[in-house]
S.K.: 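Structure provided below as structure tokens; questions to follow.
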Amino acid sequence: MIELEGVPELIDPVMVAAFEGWNDAGDAASTAVAHLEREWKGEVFAALDAEDYYDFQVNRPTVFMDGGVRKITWPTTRLSVVRVGGDKPRDLVLVRGIEPSMRWRSFCNELLGFAHELGVELVVILGALLGDTPHTRPVPVSGVTSDPDLARRMDLEETKYEGPTGIVGVLQEACTHAGVPAVSLWAAVPHYVSQPPNPKATLALLNRLEDLLDLRIPQGELPEDARAWQVGVDQLAAEDSEVAEYVQTLEEARDTAELPEASGEAIAREFERYLRRRDVGPPGGKQRPPAGGGGSREDDEDGPED
């Protein structure tokens, strides 16, 4: 670990992590953490040593000019901290980087060492996967955990996935074995329009994170970007009859599956979000009243791998 500015003293910290690569379809997850850093002006305080975890032939360093001086940026994972103000301030430790090329267990242990030192109470890992979901419908976001007690307390799915996994799944299990509560939030990105960016999926992840942590996240330009993205995909689909027909098939399947799930809980959740955004105060600083139980469930689908 390369410490850049020392370790700050934090208030009720939660670690929020995302990694570019296999677990980041449409760059939705890494963009979500980048959005938090930008909106809340995150201060980087540490970075992992790139030599320990990355194959530079796979993740190339980049050269840039800084005041006429050539410098190199190495692929790595950085930690920053942001403070969410309001009546009950708290800190978020943001972890953003690239899925490591090697030594995954050491990578996770190093992150958990920092989580322990900072007094992190919960780790939330964001991911995005390709799925059979239409771009015209709300983005499904699944919340999963390996902890049965946490699943009951925060209204999450207890993961049953078996199969290949990425750094999100490895870090989730490392947290479980270390006794650190951990949750993975997964957004489903339409596989027929998988190229980044996907602001609609990024916004869906942030909305779910907002519900889970009971705070207000400033959205910035994301809602407008999400609308523009959907209009663009609508136009592309309209130009290809086969794609349009396929999208319609996905819409019908999604609507049929969700019909029994239309509930007062979902309506109440959206109404709470509407009221929260009408609160007067600085972006990110207004806390809503306790919602009585922590997180909420959206789009009850089987949780993805984690």
Side-chain angles (χ1 to χ4, degrees), residues 18 20-32 35 125-144 155-166 168-169 184-212 219 222-267 269-270 273 295-306:
E20 299 173 18
W22 198 59
N23 295 143
D24 192 23
D27 291 352
S30 58
T31 302
H35 177 86
I125 316 166
L126 306 183
L129 51 80
L130 299 179
D132 294 326
T133 182
H135 72 278
T136 53
R137 296 294 186 266
V139 176
V141 178
S142 301
V144 296
D155 196 16
L156 301 165
E157 296 288 341
E158 186 178 353
T159 180
K160 303 296 183 183
Y161 173 81
E162 295 179 306
T165 190
V168 172
S184 297
L185 300 181
W186 289 90
V189 172
H191 67 84
Y192 58 88
V193 57
S194 59
Q195 64 272 23
N198 190 318
K200 187 173 182 179
T202 295
L203 184 60
L205 280 170
L206 291 173
N207 284 339
R208 184 64 189 273
L209 181 66
E210 190 176 60
D211 291 340
L212 185 74
Q219 295 184 340
L222 272 176
E224 182 179 347
D225 292 342
R227 286 190 291 269
W229 176 86
Q230 181 161 327
V231 169
V233 179
D234 285 343
Q235 293 173 347
L236 290 175
E239 295 171 0
D240 189 320
S241 59
E242 292 185 1
V243 173
E245 183 178 350
Y246 179 64
V247 171
Q248 183 178 0
T249 300
L250 292 178
E251 290 173 339
E252 292 172 353
R254 174 76 178 271
D255 294 345
T256 300
E258 289 189 343
L259 187 59
E261 302 299 331
S263 66
E265 179 185 353
I267 296 172
R269 183 170 58 246
E270 290 304 315
R273 183 175 293 126
S296 57
R297 179 178 302 166
E298 293 182 13
D299 302 291
D300 289 337
E301 297 186 356
D302 291 338
E305 65 89 0
D306 67 36

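What you see below is based on every heavy atom in this structure, not just the backbone, and it leaves out hydrogens, waters and symmetry mates. Here the structure is a predicted model, which is why all the values come from computation and not from measurement.
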S.K.: List the atom of L185, the atom of G143, and the distance in Å for their closest heavy-atom pair.
M.R.: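 Closest pair (atom of L185, atom of G143, distance): CD2-CA, 3.7 Å.
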
S.K.: Nearest 0.5 Å, what's the CG-CG distance between N207 and D211?
M.R.: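 So the gap between those two atoms works out to 7.0 Å.
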
S.K.: Applying the side-chain contact (heavy atoms from CB on, under 4.5 Å) test to P190, which of V139, N198, T136, V233 qualifies?
M.R.: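 Among V139, N198, T136, V233, the one that satisfies the side-chain contact (heavy atoms from CB on, under 4.5 Å) with P190 is N198.
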
S.K.: Go through the structure and list residues passing ring pair (Phe, Tyr, Trp, His ring centres under 6.0 Å) with H35, not counting sequence neighbours.
M.R.: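 Scan of H35 (ring pair (Phe, Tyr, Trp, His ring centres under 6.0 Å), adjacent residues dropped) gives none.
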
S.K.: I need the minimum non-hydrogen distance between D27 and P196, along with the two atoms involved.
M.R.: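 Heavy atoms of D27 and P196 come nearest at OD2-CB, 3.4 Å.
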
S.K.: Determine whether T31 and L205 satisfy the following criterion, side-chain contact (heavy atoms from CB on, under 4.5 Å), listing intermediate values before the conclusion.
M.R.: CA-CA 10 Å; T31 302; L205 280 170; over 6 Å; no

S.K.: Got a sec, which pairs hit salt bridge (charged side-chain N to carboxylate O under 4.0 Å, His left out) with one end in residues 184-202, sequence neighbours left out?
M.R.: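 Sorted pair list comes back empty.
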
S.K.: Please give me the minimum heavy-atom distance between A29 and A18, naming the atom from each residue.
M.R.: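 Shortest heavy-atom contact: O-CB, 3.4 Å.
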
S.K.: Does some side-chain heavy atom of R137 sit less than 4.5 Å from a side-chain heavy atom of D255?
M.R.: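 SC-SC contact between D255 and R137 confirmed.
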
S.K.: Take H135 and D234 through the test side-chain contact (heavy atoms from CB on, under 4.5 Å) and record every step on the way to the result.
M.R.: CA-CA 8 Å; H135 72 278; D234 285 343; 2.7 Å; yes

S.K.: Output the distance between atom CD (Q219) and atom CG (L206), rounded to the nearest 0.5 Å.
M.R.: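 The CG atom of L206 is 8.0 Å from CD of Q219, to the nearest 0.5 Å.
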
S.K.: Could you give the side-chain donor-acceptor pairs of residues 238-247 under 3.5 Å, partners two or more places apart or in another chain?
M.R.:
from, atom 1, to, atom 2, distance (Å)
D240, OD1, E242, N, 3.0
D240, OD1, V243, N, 3.3
Y246, OH, H191, NE2, 2.7

S.K.: Please enumerate all residues that pass side-chain contact (heavy atoms from CB on, under 4.5 Å) together with E224, with sequence neighbours excluded.
M.R.: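 In terms of side-chain contact (heavy atoms from CB on, under 4.5 Å), with neighbours along the sequence ignored, E224 is linked to R227.
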
S.K.: If you look at every heavy atom in A201 and A187, which pair is closest and at what distance?
M.R.: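 For A201 versus A187, the nearest heavy atoms are O-CB, 4.2 Å.
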
S.K.: Only one of L129, L130, D24 passes side-chain contact (heavy atoms from CB on, under 4.5 Å) with V189; say which it is.
M.R.: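 When L129, L130, D24 are each tested with V189, the side-chain contact (heavy atoms from CB on, under 4.5 Å) holds only for L130.
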
S.K.: Would you name the heavy atoms of N23 and V168 that are closest together and state the gap between them?
M.R.: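 Here N23 and V168 meet closest at OD1-N, 3.1 Å.
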
S.K.: Got a donor-acceptor contact below 3.5 angstrom from the R254 side chain to the P138 backbone?
M.R.: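 Here the side-chain-to-backbone pair exists.
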
S.K.: Who passes side-chain contact (heavy atoms from CB on, under 4.5 Å) against D225, sequence neighbours left out?
M.R.: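 For D225 the side-chain contact (heavy atoms from CB on, under 4.5 Å) partners, ignoring immediate neighbours, are P199, E221.
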
S.K.: Would you say that more than 12 heavy atoms from the other residues, nucleotides or ligands in this model lie under 6.0 Å from the CD of Q195, or not?
M.R.: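 Result for CD/Q195: enclosed.
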
S.K.: Sort out for me which residue in I125, V144, L126 forms a side-chain contact (heavy atoms from CB on, under 4.5 Å) with W186.
M.R.: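 When I125, V144, L126 are each tested with W186, the side-chain contact (heavy atoms from CB on, under 4.5 Å) holds only for V144.
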
S.K.: Suppose we screen for side-chain contact (heavy atoms from CB on, under 4.5 Å). Which residues come up paired with Q248, at least two apart in sequence or across chains?
M.R.: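 In terms of side-chain contact (heavy atoms from CB on, under 4.5 Å), with neighbours along the sequence ignored, Q248 is linked to E251, E252.
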
